[in-house]
Amino acid sequence: MSIYDSLNDKQMEAVRHTEGPLLILAGAGSGKTRVLTHRVAYLIEEKNVNPFYIMAITFTNKAAGEMRERINELVGYGAESIWVATFHSSCVRILRRYAECLGYDRNFTIYDAEDQKTVIKEVCRRCNIDTKQVKENSIMYRISHAKDRMETPEIVEKEVEDFEEKQFAKIYREYQKELFSNNAMDFDDLILNTIVLFEKNPEILEGYQDRFRYIMVDEYQDTNLAQFRLIYLLAKKHQNLCVVGDDDQSIYRFRGANIENILSFERVFLNTKVVKLEQNYRSTQNILDCANEVIKKNTGRKEKRLWTENGRGEKLHFHQFETSYEEAEFVCDDIARRVRNGDYQYSDCAILYRTNAQSRIFEEKFIYANVPYRIIGGINFYSRKEIKDIIAYLKTIDNGKDDLAVKRIINVPKRGIGAATINRIDDYAQQNQISFYEALLEHEDIPGISRSSKKIHFFTNVIQVLRAKSETLSLAELAEELLEMTGYQAELIEEDTEESRARLDNINELISKIVAYEEKIKSSNQSPTLNGFLEEVALIADLDDLNQNQDYVVLMTLHSAKGLEFPNVYLVGLEDGLFPGYLSIYSESLEEMEEERRLCYVGITRAQKTLNMTAAFRRMVRGEWQNHDVSRFIKNLPRELFEDAPSEKTAHTTVKRPNAYQQAKQDFQRKAFSSVSNKIEKSGALNYKEGDTVEHIKFGRGVVTNIQDGGRDFEVTVEFETAGVKRLFASFAKLKKIE
DNA sequence: ACGTGGCCACTTTTT
DNA sequence: GTGGCCACGT
């Protein structure tokens with residue numbers, strides 16, 4: 001019995017081809033991650049490759065985490081020395097070592113989209129360009145694309161013709177200058193600078209080429225030109241490059257993903273072996289037929305024919321409702337019914353939508369119906385105001401070179417340092433070629449700000465004291481001290497509103513994250529550093545770690561659903577104008593519509609057994625009602641795939657015993673979708689007891705009549721003033737005690 | 001220097 | 001419906 005027995009012929013073929021370029025075209029649900037991980041195991045165990053020579057690159061942290069976990073399970077000894085990381089974090093690791101070769105300090109900071117926007121705005125103001133006429137968003141987009149094509153401001157400048165392009169080139173140049181003097185890189189710079197580093201220093205490149213002798217790239221269809229260039233450079237010498245992708249699942253064109261990378265791989269790497277994985281292990285034949293039917297309308301794709309041994313399965317469901325409210329109500333009721341019937345658990349069900357804004361209505365209905373749910377994505381934890389503020393403080397303590405961070409917090413909480421003062425300091429800093437923070441230290445030499453002198457001194461003093469303390473305190477202690485000394489916490493406590501309490505909660509969550517980070521680093525026998533923490537934070541998109549098994553419905557966008565699977569999927573808002581969106585309908589480029597269609601394909605192929613599709617005729621968009629047709633994607637699908645009766649009978653598919661692979665996937669999903677706050681609520685005591693008056697977000701006020709410990713969660717019975725008696729799960733009802 | 005009220009644009013999607 | 005920005009008043 002070997003670990004490779006679970007692979008089919010095609011998968012095995014891909015695993016065995018270890019030398020030379022390999023392109024794996026892996027259809028949805030065809031077990032591509034399984035192939036990748038087994039291939040790693042094969043390299044180590046059968047080919048005696050030192051794990052140190054293996055690199056696996058993914059696109060998201062989630063995927064990297066999953067890959068790491070699965071490799072660990074499979075390989076055991078030596079697995080930790082395999083380089084498993086995202087493109088961006090790989091580049092950061094490389095750049096931290098060699099940043100000086102490019103003129104950066106190795107403590108460079110990483111700017112997210114918000115930071116970029118701030119810089120662009122500032123640059124525009126300085127150049128007297130009205131940001132109302134030239135939108136920051138489009139500038140950001142253009143800068144990003146220029147970087148993707150490896151065009152520096154100088155190159156753009158040379159090529160410009162009209163006034164508009166000239167203006168852009170100027171902004172781009174100033175933007176880049178500003179970042180450089182702030183010792184900062186944006187996400188695109190991370191990739192671009194690594195390429196520049198390699199191209200300028202062949203000996204550094206060769207070092208990495210010899211380290212990464214076997215390179216694997218997951219989600220290859222999502223790579224952009226720069227990323228391709230990077231892989232190309234790394235793999236050029238040994239040519240052992242294995243990429244896995246599905247051109248039908250390329251859904252990130254908008255941010256530069258280039259489907260050409262997959263279609264032209266064989267031209268760039270000669271002697272490429274191509275393996276197609278077409279057997280699907282995830283879905284029923286009905287679901288696959290539907291997916292195939294949708295995707296076949298796209299042109300310029302590699303022909304694939306997904307098949308399965310899973311059988312026809314349950315028929316698909318489609319309902320069109322009068323309004324989006326009824327749609328949400330149906331989905332909510334349907335889930336509740338299926339769970340009541342024992343067909344599914346809450347966690348088997350996922351609601352997938354095109355835009356984050358759609359989650360609201362579902363959330364409302366779920367609160368009413370007391371159905372546990374969790375929304376993935378949406379507003380990023382690390383882009384919340386309070387979190388960004390604390391991070392900015394930490395950055396300033398770590399090194400004062402990030403002007404953006406210092407400016408962000410110099411007057412938070414309010415210290416009476418206003419815009420006029422900040423501008424004067426800024427001018428002084430520019431004139432003397434020093435950082436903003438250094439200018440603050442010299443504030444006594446700056447004309448015209450004597451009024452604020454004391455306040456500035458107070459601020460720099462706080463920072464210096466915290467810096468001194470950071471030598472001895474742990475990171476978490478430092479953060480607590482910071483909250484205390486700056487008065488940040490006090491201000492929020494004082495405010496005492498719903499919002500301020502939520503902010504305090506988030507800050508506490510940040511502190512738990514810091515503690516978790518410190519523990520993680522310590523467990524690998526290293527000592528945690530402030531800089532290390534900030535770096536990790538810069539590259540993490542959402543809080544998708546921390547493990548606990550809870551049973552809830554998952555809501556997310558189609559984009560975040562990629563790579564996941566659920567027994568029971570609701571594809572909602574299938575309407576022309578929403579999905580496909582207006583932009584793609586009215587766009588001249590056919591590519592946009594094709595991308596939307598691929599997105600639809602991704603959505604359909606998430607479903608394992610039951611696929612429900614819904615649309616609403618009328619929907620509130622941006623405060624006004626809009627009428628929508630049923631989405632063109634599903635309008636003319638073969639009728640026989642669908643169940644016609646609206647009230648469907650339940651299909652009892654026998655549940656197969658999960659194999660190791662499925663088990664790992666399930667474990668991963670449970671971990672990925674758990675939340676810190678829920679954990680705290682259950683493990684600790686509730687902050688209310690029987691007889692207390694509490695408030696519920698929808699039901700209003702009521703009196704707690706009973707609390708039962710239901711194992712996983714507390715079940716609380718509440719007699720509401722208007723809504724009557726309800727039994728609720730404590731961690732989802734989020735009851736607030738009224739004093 | 002700072003708070004408030006009215007106006008605007010905004011919604012794809014994420015490292 | 002909401003959050004960001006500007007102008008105005010204190």
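In what follows, chains are A, B, ... by sequence order, proteins preceding strands, each numbered from 1.
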Cation-aromatic face contact Arg96(A)/Phe108(A), 6.0 Å, 45 degrees | yes

To the nearest 0.5 Å, how far apart are OH in Tyr373(A) and CD1 in Ile351(A)?
-> 11.0 Å

Using atom P of each nucleotide, how far apart are dT13(B) and dG4(C) to the nearest Å?
-> 16 Å

Determine: side-chain N/O of Thr421(A) to OP1/OP2 of dA1(B), distance under 4.0 Å, yes or no.
-> yes

Please give, in whole Å, the distance from dT13(B) P to Tyr141(A) OH?
-> 15 Å

Does the cation-pi check pass for Arg415(A) over Phe458(A), that is, NZ or CZ under 6.0 Å from the six-membered ring centre and within 45° of its axis?
-> no

Respond yes when some side-chain nitrogen or oxygen of Ser560(A) is under 4.0 Å from OP1 or OP2 of dT14(B), and no when none is.
-> yes

For Asn411(A) and for Glu596(A), find the nucleotide of DNA chain B with the closest heavy atom, then tell me which residue's nucleotide is more 5'.
-> Asn411(A)

Using 30° and 60° as the class limits, which term best fits the ring planes of Tyr141(A) and His145(A): parallel, tilted or perpendicular?
-> tilted

Mapping Leu599(A) and Phe187(A) onto DNA chain B by nearest heavy atom, which one lands closer to the 5' end?
-> Leu599(A)

Does a nitrogen or oxygen in the side chain of Ser584(A) sit under 4.0 Å from OP1 or OP2 of dT13(B)?
-> no

Nucleotide N/O to protein N/O under 3.5 Å, stretch nucleotides 6-11 of chain B:
| from | atom 1 | to | atom 2 | distance (Å) |
| --- | --- | --- | --- | --- |
| dT11(B) | OP2 | Asn137(A) | ND2 | 3.2 |

